[in-house]
Amino acid sequence: MPSPKLLRRRSSKRPFRVAILGQNGVGKSALTVRFLTRRFIGDYDPLLEKVYSCCKFVGGENVAIDLLDTAVQNENNRLLENIRWADAYILMYSVTDRCSFNECSRMKFLINAYRKRQRKIPDNESVASAFPVIMVGNQIDRDHDRMVTEQEGRKRANQLGCVAFYEISVRENADCVEKLFQDMYPLCKRSKKYWPVAEQSQTVYFAAGTQTKLETTEELERRKNMLYTTN
Ligand SMILES: Nc1nc2c(ncn2[C@@H]2O[C@H](COP(=O)(O)OP(=O)(O)OP(=O)(O)O)[C@@H](O)[C@H]2O)c(=O)[nH]1
């Protein structure tokens, strides 16, 4: 792999920010890397929390996207920091782990509570449409270990007010990951007024991060201006 070159973002407006939330081991890092590179990589450092920046052609337009691959979500403060940072959320669980499925409800509750507290949303608009959440059940290739049915997942996503629900296997199917993001952006565009859209950029940025954890939004902001590329 070529040594990473330090680049500066050309756009002055900020990208569309997506946080991938979910319990440990559900496949957040695998999803992120699949989307960015189409490759499936088996193992990742579970303690790392990274923002990956890219420009992708989604929903018929070039969109600058910052993807936050979150790490341990046990601390509510960290989770709230990530919620605050993002414009949209992917709530991920493993269909083989009911605990991770239930954790999605807690996270959605926190998203709603935080966004309502902000009072930025007019009364006639719901949190769901202003800050879209997509629920994703991963690891469907492990059918013999399945604990959560597709029907249950869909029902829960509906009850929680998620804008979409998918069952995927990051490991087996790169196309379903691509489709997830392709579908997601148009859904999220409805809430565009809540996030400034970035200018078009042709460079694919990748892997902004060091071995340290991200502690604050300020840290995330600082890193946004120091992006690395593999190209
Ligand atoms: N069988 C199968 N394994 C998967 C799939 N997606 C991810 N994995 C595996 O699940 C394990 C956890 O994946 P990660 O991407 O590290 O999960 P994570 O949610 O980022 O975990 P933390 O970093 O600990 O929060 C790894 O061993 C992956 O190879 C999938 O679709 N199918």
Side-chain angles (χ1 to χ4, degrees), residues 17-54 65-83 85-86 88-108 110-111 133-150 152-154 156-157 162 164-184 206-215 219-220 223:
R17 293 172 175 174
V18 182
I20 306 177
L21 305 172
Q23 214 172 49
N24 296 358
V26 297
K28 301 181 296 294
S29 303
L31 175 80
T32 306
V33 173
R34 246 310 186 209
F35 175 62
L36 293 168
T37 68
R38 286 191 67 85
R39 281 182 294 171
F40 178 76
I41 298 171
D43 288 304
Y44 304 90
D45 182 344
L47 298 177
L48 279 185
E49 192 150 274
K50 288 188 188 176
V51 180
Y52 295 83
S53 296
C54 63
I65 302 173
D66 276 358
L67 259 189
L68 172 60
D69 172 18
T70 59
V72 187
Q73 299 294 329
N74 297 337
E75 312 154 35
N76 268 0
N77 283 350
R78 169 70 68 81
L79 180 57
L80 286 176
E81 200 60 50
N82 292 337
I83 289 171
W85 175 83
Y89 310 88
I90 294 177
L91 270 188
M92 197 170 189
Y93 67 93
S94 167
V95 298
T96 67
D97 180 355
R98 183 162 290 280
C99 192
S100 71
F101 178 60
N102 293 333
E103 177 67 1
C104 290
S105 303
R106 184 181 79 93
M107 289 183 174
K108 183 64 168 65
L110 287 172
I111 292 169
V133 177
I134 283 147
M135 195 159 159
V136 176
N138 185 34
Q139 306 196 8
I140 58 169
D141 57 289
R142 294 175 59 194
D143 203 34
H144 47 287
D145 293 327
R146 190 189 263 274
M147 289 175 78
V148 183
T149 65
E150 181 173 3
E152 267 182 291
R154 199 172 291 286
R156 180 73 60 89
C162 298
F165 169 75
Y166 296 88
E167 272 204 346
I168 63 172
S169 166
V170 176
R171 180 183 171 136
E172 298 295 314
N173 194 341
D175 291 341
C176 68
V177 173
E178 187 65 32
K179 183 174 181 332
L180 169 71
F181 282 89
Q182 289 294 340
D183 292 354
M184 179 178 173
F206 178 67
T210 63
Q211 297 300 306
T212 55
K213 289 183 193 172
L214 299 183
E215 296 295 345
E219 176 64 1
L220 292 170
R223 286 183 182 216

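One-based numbering, in listed order, for ligands and for the atoms of each.
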Using distance alone, decide if ligand 1 has a nitrogen or oxygen within less than 3.5 Å of any nitrogen or oxygen in [X].
X	result
A30	yes
I168	no
V26	yes
D69	no
G27	yes
E172	no

Trace of the salt bridge (charged side-chain N to carboxylate O under 4.0 Å, His left out) decision for R34 with D175 = CA-CA 9 Å; R34 246 310 186 209; D175 291 341; over 6 Å; no
query = Who passes side-chain contact (heavy atoms from CB on, under 4.5 Å) against N138, sequence neighbours left out?
reply = M92, I168, V170
message = Going by the rule side-chain contact (heavy atoms from CB on, under 4.5 Å), which residues pair with S169 if we only count those two or more places apart in sequence or in a different chain?
response = I140, D141, R171, E172
Which of the atoms in ligand 1, numbered in the order shown and given with their element, are less than 4.0 Å from a heavy-atom of [X]?
X	answer
S169	31 (O)
D141	1 (N), 2 (C), 30 (C), 31 (O), 32 (N)
R142	1 (N)

ask   = After noting the C-alpha distance and the side-chain angles of R106 and E103, does the key distance pass the salt bridge (charged side-chain N to carboxylate O under 4.0 Å, His left out) rule?
value = CA-CA 5 Å; R106 184 181 79 93; E103 177 67 1; 2.8 Å; yes
note = Closest heavy-atom approach to atom 8 (N) of ligand 1 among Q139, M92, R171 is made by Q139
inquiry  = Can a donor-acceptor pair be found, under 3.5 Å and without considering hydrogens, that links the side chain of K108 to the backbone of C162?
reply    = no
message = When you compare the side chain of I90 with that of M184, does any pair of heavy atoms fall below 4.5 Å?
response = yes
task = Answer yes when D183 and K179 have at least one side-chain N-carboxylate O distance shorter than 4.0 Å, and no when they do not.
result = yes
